[in-house]
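Report on one structure; see the data block that follows.
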Amino acid sequence: MSRAEMEPLTSGASNRIIPILKTLRAFFIFAQSVILSILLLLLPRRRPSQSQSAESTAENSRRKSLWRREEEDTLRRRALAEGVHMGFDGDSVCKWSTSLFFGTRRHALFYRSWFPVTGELKGILIIIHGLNEHSGRYAQFAKQLTTCNFGVYAMDWIGHGGSDGLHGYVPSLDHVVADTGAFLEKVRTDNPGTPCFLFGHSTGGAVVLKAASIPHIEEMLAGIVLTSPALRVKPAHPIVGAVAPIFSVVVPKFQFKGANKRGIPVSRDPAALRAKYSDPLVYTGPIRVRTGHEILRISSYLMRNFKSITVPFFVLHGTADKVTDPLASQDLYNEAASKFKDIKLYDGFLHDLLFEPEREEIAQDIINWMQRKLVAISIGSESLW
């Protein structure tokens with residue numbers, strides 16, 4: 001794949017949220033709309049006329065139609081998710097399954113699991129994917145983990161993969177954090193006594209880091225692994241950051257058509273790029289307003305709270321990543337209060353580390369780190385760290 005062919009491809013959270021206001025004209029139109037809305041709220045309410053009642057009925061009908069379309073799209077995506085290849089062709093060394101889990105807000109969340117058939121289970125890794133992708137993309141990583149006697153779970157967030165919600169829309173990343181904690185509790189209940197690790201990629205890495213900073217979640221973890229975490233995400237222009245909170249309330253699901261026209265390659269493997277962006281479960285549309293605001297919000301929170309991080313972690317980042325900032329991962333490593341932490345920067349590698357040509361070596365680095373952590377736990381000493 002040539003560079004010209006790679007450029008149109010896009011990925012999740014960039015270290016620059018694409019400008020949502022191409023000109024000040026758009027801002028003034030928005031400001032005018034807000035002022036008019038406020039004035040309408042302040043005006044004395046009159047008894048609705050027949051025409052107003054008809055308009056209200058039409059609006060309700062429109063909302064029901066939108067809900068039905070979203071529900072149909074969810075069912076379509078769920079069927080596609082069920083059909084994703086799980087990484088094994090008649091192989092008896094692994095058993096796998098798919099199911100639904102009801103999150104903290106009662107949304108149906110799709111998840112997968114892979115377990116080795118033989119051998120003693122060492123631990124479990126729970127995968128939280130990145131923005132716009134889905135759990136099925138990590139089947140080969142799961143296969144490598146099971147060959148080393150690790151069990152694997154992978155959950156689709158709301159609005160992603162086979163889970164409920166409008167495709168590509170995240171009403172709150174705090175909801176995803178809460179769902180991650182609830183899913184971890186479920187996994188531990190189903191596998192009592194087995195050490196659990198959380199893995200998060202990109203925005204999923206930010207979700208995992210925030211979840212692991214909550215004391216009752218941290219207590220359930222042996223450690224976390226972060227690849228290319230979205231830790232220093234900035235708007236392309238200060239005005240974007242200023243108006244994003246307002247836009248996210250007024251028009252949360254709106255897609256900015258000018259966004260993501262020129263994407264940033266996320267892997268040096270052309271086949272991996274083609275597979276990602278031809279995958280119907282990967283959201284490739286313009287970023288939705290609330291989703292973009294949520295990325296800015298969680299990134300800002302984490303950057304302010306690095307010093308309060310105490311969970312054991314391993315952060316991996318490519319130095320040539322143009323989607324998220326490798327220097328922010330270095331800052332996390334330098335500033336976190338965690339006694340047991342590690343970092344590995346891969347020279348010249350891009351954003352999707354587990355889809356780079358060296359993916360097996362990177363996966364093995366993760367497996368080796370978890371095994372060392374488990375040895376330290378088993379001997380009741382962290383001296384290895």
Side-chain angles (χ1 to χ4, degrees), residues 81-82 84-103 109-130 133-157 161-163 176 179-201 204-205 207-208 211-212 217-227 311-314 316 353-354 359-378:
E82 288 282 5
V84 170
H85 184 243
M86 297 286 279
F88 295 84
D89 292 309
D91 200 332
S92 61
V93 300
C94 174
K95 56 184 178 181
W96 55 266
S97 66
T98 62
S99 190
L100 294 178
F101 162 76
F102 288 90
L109 304 175
F110 184 88
Y111 73 90
R112 310 169 188 278
S113 66
W114 298 260
F115 277 83
V117 172
T118 60
E120 184 179 353
L121 192 65
K122 295 178 180 177
I124 290 172
L125 181 66
I126 300 168
I127 295 173
I128 306 298
H129 62 75
E133 55 168 358
H134 62 96
S135 61
R137 282 175 38 79
Y138 292 84
Q140 289 303 314
F141 180 38
K143 183 176 182 179
Q144 191 168 344
L145 285 158
T146 59
T147 60
C148 296
N149 287 101
F150 281 92
V152 184
Y153 286 84
M155 181 188 77
D156 291 341
W157 337 334
S163 292
V176 183
D179 288 340
T180 298
F183 189 59
L184 171 61
E185 289 187 40
K186 170 190 164 41
V187 170
R188 280 170 50 87
T189 300
D190 293 346
N191 302 272
T194 305
C196 290
F197 296 84
L198 274 177
F199 167 95
H201 174 63
V207 166
V208 163
I217 295 179
E218 181 179 355
E219 289 173 2
M220 295 188 283
L221 290 168
I224 65 173
V225 179
L226 312 171
T227 56
V311 67
F313 69 84
F314 180 27
L316 307 85
L353 287 178
L354 289 175
R359 57 183 70 93
E360 290 188 8
E361 291 88 343
I362 294 168
Q364 193 60 51
D365 287 340
I366 293 170
I367 291 167
N368 291 344
W369 185 86
M370 291 192 296
Q371 288 176 333
R372 291 199 305 272
K373 185 69 176 70
L374 292 175
V375 168
I377 292 172
S378 68

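Every heavy atom of this structure was used, including side-chain atoms; hydrogens, water molecules and symmetry mates were not.
Between Leu354 and His201, the closest side-chain pair of non-hydrogen atoms is not below 4.5 Å. Side-chain atoms of Ile366 and Phe199, non-hydrogen and from C-beta on, do get closer than 4.5 Å to each other. Side-chain contact between Val375 and Arg372: absent, with no pair of heavy atoms (C-beta onward) separated by less than 4.5 Å.
Here Thr180 contributes atom OG1 and Ile128 contributes atom CD1; the two are 4.0 Å apart, rounded to the nearest 0.5 Å. In this structure, Met220 CE and Ile126 CD1 are separated by 8.5 Å, a value rounded to the nearest 0.5 Å. For the atom pair CZ (Phe101) and OH (Tyr111), the distance works out to 8.5 Å, reported to the nearest 0.5 Å. From Leu198, atom CG reaches atom CD1 of Ile127 across 10.5 Å, with rounding to the nearest 0.5 Å. Interatomic distance, Asn368 CG to Glu361 CD, rounded to the nearest 0.5 Å: 11.5 Å. A distance of 9.5 Å separates CD1 of Ile124 from CG of Leu184, quoted to the nearest 0.5 Å.
Closest heavy-atom contact between Val311 and Ala212: CG1-CB, 3.9 Å. Of all non-hydrogen atoms in Gly181 and Ile217, the two that sit nearest each other are CA-CD1, 3.7 Å. Nearest approach of Lys95 to Val117, heavy atoms of both residues: N-CG2, 3.9 Å. Closest approach of Trp369 and Gly223 over heavy atoms only: CH2-CA, 4.3 Å.
Applying the side chain to side chain donor-acceptor pair (under 3.5 Å) criterion to Ser97, with sequence neighbours excluded, gives Ser113. A search for salt bridge (Lys or Arg N to Asp or Glu O under 4.0 Å) contacts involving Arg359 returns Asp269, not counting sequence neighbours. The ring pair (Phe, Tyr, Trp, His ring centres under 6.0 Å) search around His129 returns Trp157, His160, not counting sequence neighbours. By the ring pair (Phe, Tyr, Trp, His ring centres under 6.0 Å) test, Phe197 pairs with no residue at all, sequence neighbours left out. The ring pair (Phe, Tyr, Trp, His ring centres under 6.0 Å) check on Phe110 picks up nothing, with sequence neighbours excluded.
Counted within 6.0 Å of CD on Glu360, heavy atoms from surrounding residues, nucleotides or ligands total 12 or fewer; the atom is thus considered open.
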Check: residues 145-156 side-chain donor-acceptor pairs under 3.5 Å, at least two apart:
from: Thr146; atom 1: OG1; to: Ala142; atom 2: O; distance (Å): 3.4
from: Thr146; atom 1: OG1; to: Lys143; atom 2: O; distance (Å): 2.8
from: Thr147; atom 1: OG1; to: Gln144; atom 2: O; distance (Å): 2.6
from: Asn149; atom 1: ND2; to: Thr118; atom 2: O; distance (Å): 3.0
from: Tyr153; atom 1: OH; to: Asn191; atom 2: ND2; distance (Å): 3.0
from: Asp156; atom 1: OD1; to: Ser135; atom 2: N; distance (Å): 2.7
from: Asp156; atom 1: OD1; to: Ser135; atom 2: OG; distance (Å): 2.8
from: Asp156; atom 1: OD2; to: Gly162; atom 2: N; distance (Å): 2.9

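Between the side chain of Arg112 and the backbone N or O of Tyr138 there is no donor-acceptor pair closer than 3.5 Å.
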